[in-house]
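Quick caveat: nothing in here was measured; it's all calculated off a predicted structure.
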Amino acid sequence: REVLELSIAGIPLVSVAACGSYASQNDTKFLEELCTRWYQMAAYMPALYSFYQDDRYSRLPSSFPSSSSKIIRYALERRIKLMPYIMTHMKFAIRDGMPLVRPMFFDFPDDKGVISLSEQWKQFMFGNAILVAPVLESEATTMDVYFPRGSWYEVWSGLNYKAPASRWQKIEALHYQIPSYIRGGTILPTLAFESKQGADSIERSYELFNFAIIVAMDCNASLGPRKLRAKMREQNCTASGSFYHEQADQVIALEAKMNSIHGTLIIEAPASCSNTTIESISIYGALFAPNEMEIDTIIDVDLATFDKENQ
């Protein structure tokens, strides 16, 4: 709660020391589940660090048994993938005063469920696009997440949680990742990170990996399968976002549109970004499998895959 309060009070570079800070709390070192969940939450903070008063009570990922350290590594790797998104929002924090991490009411001021949410501080927004719901109970296998009205997609799988109206939903509390969801209508710039490439720092990751984009569509109609063919032309889906290109010191606008006939993704990049490579584009909420794709006037029919189970 203090992190969220400090963030909206004008101190954007805030965080929590993963798994505690002081020797008086050294018993947390032996609570593997607590420390693992703590690292998972800290991965969705503006800064991530582990500070301890005494080397005897190290809380670094390597201090834990293999099963827990692998889960923590997975959380850290997901953070590295999100670094372009994080850097973009930190740019907005410096330029416009918009905090990266903020309470739900910051982005949903008119949602009565958010305003009256008794557990307001138990989930938060990470930028304007990602909802994070940390697992706060020991040995939890399920938990309740509050989804404001709209489409929400699990960040890494694209599983669609449609909310025609704001509502609570019980979801599975997977042990290897924190519940996190992309808001429909937003676009995330990411890194095409692969753990086997040996990146040992954020700077090295930017050198080794190209960029990737995740598009989370927000559609203006929700049709059942029987009505879909008859009213397919009524479906219009949109998404937008930004990408701060650090090397060029430019904020690039991203915009996507889609209907039942065709879709477009526009990247308004200046000439100084001409050497930037986008390795992959994932579109969550696509209406149909595409027949072909056109990139800079080049048509290809083999580039796309389609997961109908998650749409």
Side-chain angles (χ1 to χ4, degrees), residues 39-48 73-93 98 100-101 125-132 151-160 176-218 239-256 258 263 265-269 273 275-286 293 295 303-305 307 310:
Y39 265 105
Q40 289 175 334
M41 181 187 71
Y44 285 94
M45 289 285 158
L48 187 153
R73 179 186 178 92
Y74 181 83
L76 300 181
E77 289 176 350
R78 302 287 81 74
R79 177 180 175 84
I80 293 175
K81 288 175 71 81
L82 286 174
M83 281 312 298
Y85 174 77
I86 294 172
M87 294 299 292
T88 298
H89 279 273
M90 290 307 296
K91 177 67 174 181
F92 294 157
M98 296 288 287
L100 170 57
V101 60
M125 293 298 294
F126 190 59
N128 71 315
I130 300 178
L131 185 159
V132 182
S151 289
W152 296 88
Y153 306 87
E154 199 282 320
V155 173
W156 304 114
S157 72
L159 181 64
N160 193 344
Y176 61 86
Q177 69 181 19
I178 187 173
S180 53
Y181 307 92
I182 303 176
R183 183 181 182 181
T186 61
I187 300 177
L188 268 62
T190 68
L191 281 178
F193 179 86
E194 295 181 13
S195 58
K196 296 180 180 180
Q197 293 293 329
D200 55 4
S201 67
I202 300 298
E203 292 79 7
R204 182 61 175 157
S205 296
Y206 270 78
E207 294 174 1
L208 286 174
F209 307 115
N210 297 321
F211 294 101
I213 292 177
I214 300 176
V215 181
M217 285 296 184
D218 180 40
S240 62
S242 300
F243 167 36
Y244 174 57
H245 196 296
E246 190 175 12
Q247 288 75 19
D249 193 24
Q250 295 277 348
V251 175
I252 300 170
L254 309 172
E255 182 180 3
M258 177 180 291
L265 172 63
I266 300 174
I267 303 175
E268 297 182 356
C273 302
N275 292 327
T276 301
T277 301
I278 297 176
E279 186 168 310
S280 67
I281 299 173
S282 300
I283 301 177
Y284 297 165
M293 296 180 65
I295 302 175
L303 289 175
T305 59
D307 181 6
N310 284 341

Report the residues that fulfil side-chain contact (heavy atoms from CB on, under 4.5 Å) with [X], sequence neighbours left out, ordered by chain and then residue number.
X      : answer
Tyr74  : Arg78, Tyr176, Gln177
Met41  : Val16, Trp38, Met45, Phe124, Pro134, Ile178
Ala192 : Ala212, Glu279
Ala47  : Leu13, Ser15

If every non-hydrogen atom of [X] is compared with every non-hydrogen atom of [Y], which pair is closest and at what distance?
X      : Y      : result
Thr88  : Ser242 : CG2-O, 3.7 Å
Pro189 : Pro84  : O-CB, 3.6 Å
Ala216 : Ala239 : O-CB, 3.5 Å
Ser151 : Met217 : CB-O, 4.2 Å
Leu188 : Ala129 : CD1-CB, 3.5 Å

With rounding to the nearest 0.5 Å, note down the distance linking [atom1] in [X] to [atom2] in [Y].
X      : Y      : atom1 : atom2 : result
Tyr284 : Ile214 : OH    : CD1   : 4.5 Å
Ile281 : Ile267 : CD1   : CD1   : 5.5 Å
Trp152 : Ile130 : CH2   : CD1   : 10.0 Å
Leu265 : Ile213 : CG    : CD1   : 5.5 Å
Met125 : Leu100 : CE    : CG    : 10.5 Å
Leu159 : Ile182 : CG    : CD1   : 12.0 Å

Residues forming a side chain to side chain donor-acceptor pair (under 3.5 Å) with [X], sequence neighbours excluded:
X      : answer
Tyr181 : none
Glu255 : none
Ser180 : Tyr44

Exercise for the section: Taking salt bridge (Lys or Arg N to Asp or Glu O under 4.0 Å) as the test, write out the residues that go with Lys81, two or more places apart. Expected result: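 Testing Lys81 for salt bridge (Lys or Arg N to Asp or Glu O under 4.0 Å), a comparison that skips the adjacent residues, returns none.
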Practice task
Begin with the C-alpha distance, continue with both residues' side-chain angles, and end with the deciding distance and a verdict on side-chain contact (heavy atoms from CB on, under 4.5 Å) for Asp249 and Lys91.
Solution key: CA-CA 10 Å; Asp249 193 24; Lys91 177 67 174 181; 3.7 Å; yes
Handout entry: With Phe243 via ring pair (Phe, Tyr, Trp, His ring centres under 6.0 Å) - residues at least two apart
Key =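 Phe211, His245.
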Practice task
Would you please name every residue forming a ring pair (Phe, Tyr, Trp, His ring centres under 6.0 Å) with Tyr85, sequence neighbours left out?
Solution key: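 Tyr85 satisfies ring pair (Phe, Tyr, Trp, His ring centres under 6.0 Å) with His89 once adjacent residues are dropped.
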Problem - Worked check of side-chain contact (heavy atoms from CB on, under 4.5 Å) between Leu254 and Val215 - result: CA-CA 9 Å; Leu254 309 172; Val215 181; over 6 Å; no
Practice task
Please list all pairs passing the side chain to side chain donor-acceptor pair (under 3.5 Å) test where one or both residues lie in residues 182-192, with sequence neighbours left out.
Solution key: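 Output for this query is empty, none listed.
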